[in-house]
A.B. asks: 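First the structure, which I've put down as structure tokens, then a few questions once you've had a look.
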Amino acid sequence: MNYWLVKSEPGAYSWDDFTALGRDHWDGVRNYQARNNMMAMKAQDRVLFYHSVKDKEVVGIAEVVREHYPDPTTDDTRWVVVDLAPVEKLPKPVTLQQIKADERLANIALVKQSRLSVMPIKEEEYDIILSLAYDK
DNA sequence: GCCAACGTTGGC
DNA sequence: GCCAACGTTGGC
């Protein structure tokens, strides 16, 4: 089991949009590093759903339900999508501020590489983020 | 709304 | 193959 974090601007595509659909393909990734991360995703991997720009917080957990396949929104064969389904909404969103304030999370890509939209998360880091979501 | 960081493109 | 110009992302 691997762990990931994906970003979306809530104005463009929010957690609520995602849960309303129940399942959706994650399209529009046009960055090689992010694409490579998606290609490494396996069914059942856990994916943190992060709202960028406006909220700047992790809002929910999703699950990979279909591994990568060609992006149906483009003819360009370089790009792929995965299918994700919501698992649960976090009882309390974990803000970027909280993540930055926690020294155990100092090395996650969300902080180090702010422009990457699909990134791997270590299991320990995933656990820490969930503990922040559930403890407070 | 601004701008820093960074990825991509294209001229040479 | 280098690098300047340009576009985009996302935090502030």
Side-chain angles (χ1 to χ4, degrees):
Chain A
M1 166 95 64
N2 290 304
Y3 302 91
W4 309 92
L5 182 146
V6 297
K7 291 190 200 173
S8 184
E9 281 198 46
Y13 188 87
S14 70
W15 172 259
D16 286 342
D17 295 331
F18 177 51
T19 52
L21 290 167
R23 167 183 178 139
D24 199 9
H25 53 268
W26 200 258
D27 65 26
V29 171
R30 298 290 181 268
N31 167 284
Y32 290 109
Q33 209 180 337
R35 191 274 313 262
N36 291 344
N37 289 331
M38 290 210 299
M39 291 177 76
M41 288 184 184
K42 298 293 180 194
Q44 277 128 58
D45 281 357
R46 288 294 192 256
V47 181
L48 296 173
F49 194 111
Y50 175 82
H51 277 169
S52 64
V53 183
K54 193 162 171 262
D55 300 339
K56 285 166 289 178
E57 57 193 18
V58 179
V59 291
I61 305 168
E63 172 185 20
V64 177
V65 291
R66 182 176 170 192
E67 292 170 17
H68 70 91
Y69 56 99
D71 188 335
T73 65
T74 175
D75 291 332
D76 193 327
T77 53
R78 291 177 298 169
W79 308 116
V80 302
V81 297
V82 294
D83 285 359
L84 301 179
V87 173
E88 61 183 316
K89 186 174 184 170
L90 298 181
K92 182 158 191 198
V94 179
T95 65
L96 180 63
Q97 215 172 10
Q98 278 178 282
I99 290 169
K100 283 189 163 176
D102 195 315
E103 61 189 16
R104 297 169 300 170
L105 298 173
N107 287 314
I108 77 169
L110 187 65
V111 176
K112 289 258 164 176
Q113 234 183 316
S114 65
R115 294 189 51 200
L116 186 61
S117 61
V118 179
M119 66 193 76
I121 296 285
K122 292 197 191 83
E123 186 172 3
E124 308 90 85
E125 295 164 343
Y126 179 86
D127 289 342
I128 292 164
I129 290 169
L130 288 206
S131 72
L132 293 171
Y134 285 90
D135 285 355
K136 299 190 177 176

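Residue numbers begin at 1 in each chain, while the letters A, B, ... track the order of the sequences.
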A.B. asks: Determine: side-chain N/O of A:K100 to OP1/OP2 of C:dC12, distance under 4.0 Å, yes or no.
C.D. replies: yes
A.B. asks: When you look at A:L48 and A:I61, which way does the side chain to side chain contact (heavy atoms under 4.5 Å, CB included) test go after all the steps?
C.D. replies: CA-CA 5 Å; A:L48 296 173; A:I61 305 168; 4.2 Å; yes
A.B. asks: What integer distance in Å separates A:D55:CG from C:dG11:C1'?
C.D. replies: 13 Å
A.B. asks: Using whole Å, report how far CD of A:Q97 lies from P of C:dG10.
C.D. replies: 19 Å
A.B. asks: Rounded to the nearest 0.5 Å, what separates atom CD1 in A:I108 from atom CD1 in A:I129?
C.D. replies: 4.5 Å
A.B. asks: How many whole angstroms separate atom CG of A:L110 from atom P of C:dG10?
C.D. replies: 10 Å
A.B. asks: Can you check whether A:Y50 has a side-chain N or O nearer than 4.0 Å to OP1 or OP2 of C:dG11?
C.D. replies: yes
A.B. asks: Taking the nucleotide of DNA chain B with the nearest heavy atom to each, does A:V53 or A:R115 sit closer to the 5' end?
C.D. replies: A:V53
A.B. asks: In whole angstrom, give the distance that lies between atom CZ of A:R35 and atom P of B:dT8.
C.D. replies: 10 Å
A.B. asks: Centre-to-centre under 6.0 Å for A:W4 and A:F49, is that the case here?
C.D. replies: no
A.B. asks: Could you check how far CD1 of A:I108 sits from P of C:dG11, rounded to whole Å?
C.D. replies: 11 Å
A.B. asks: Rounded to the nearest 0.5 Å, how far does CG of A:D16 lie from CG of A:L21?
C.D. replies: 11.0 Å
A.B. asks: Just N and O in the side chain of A:K7: are any of them under 4.0 Å from OP1 or OP2 of C:dG10?
C.D. replies: yes
A.B. asks: Between atom CD1 in A:I99 and atom P in C:dC12, what is the gap in whole Å?
C.D. replies: 12 Å
A.B. asks: Please report, rounded to the nearest Å, how far the P atom of B:dG1 is from the NZ atom of A:K54.
C.D. replies: 15 Å
A.B. asks: Between A:M119 (CE) and C:dG10 (C1'), how many Å, whole number?
C.D. replies: 11 Å
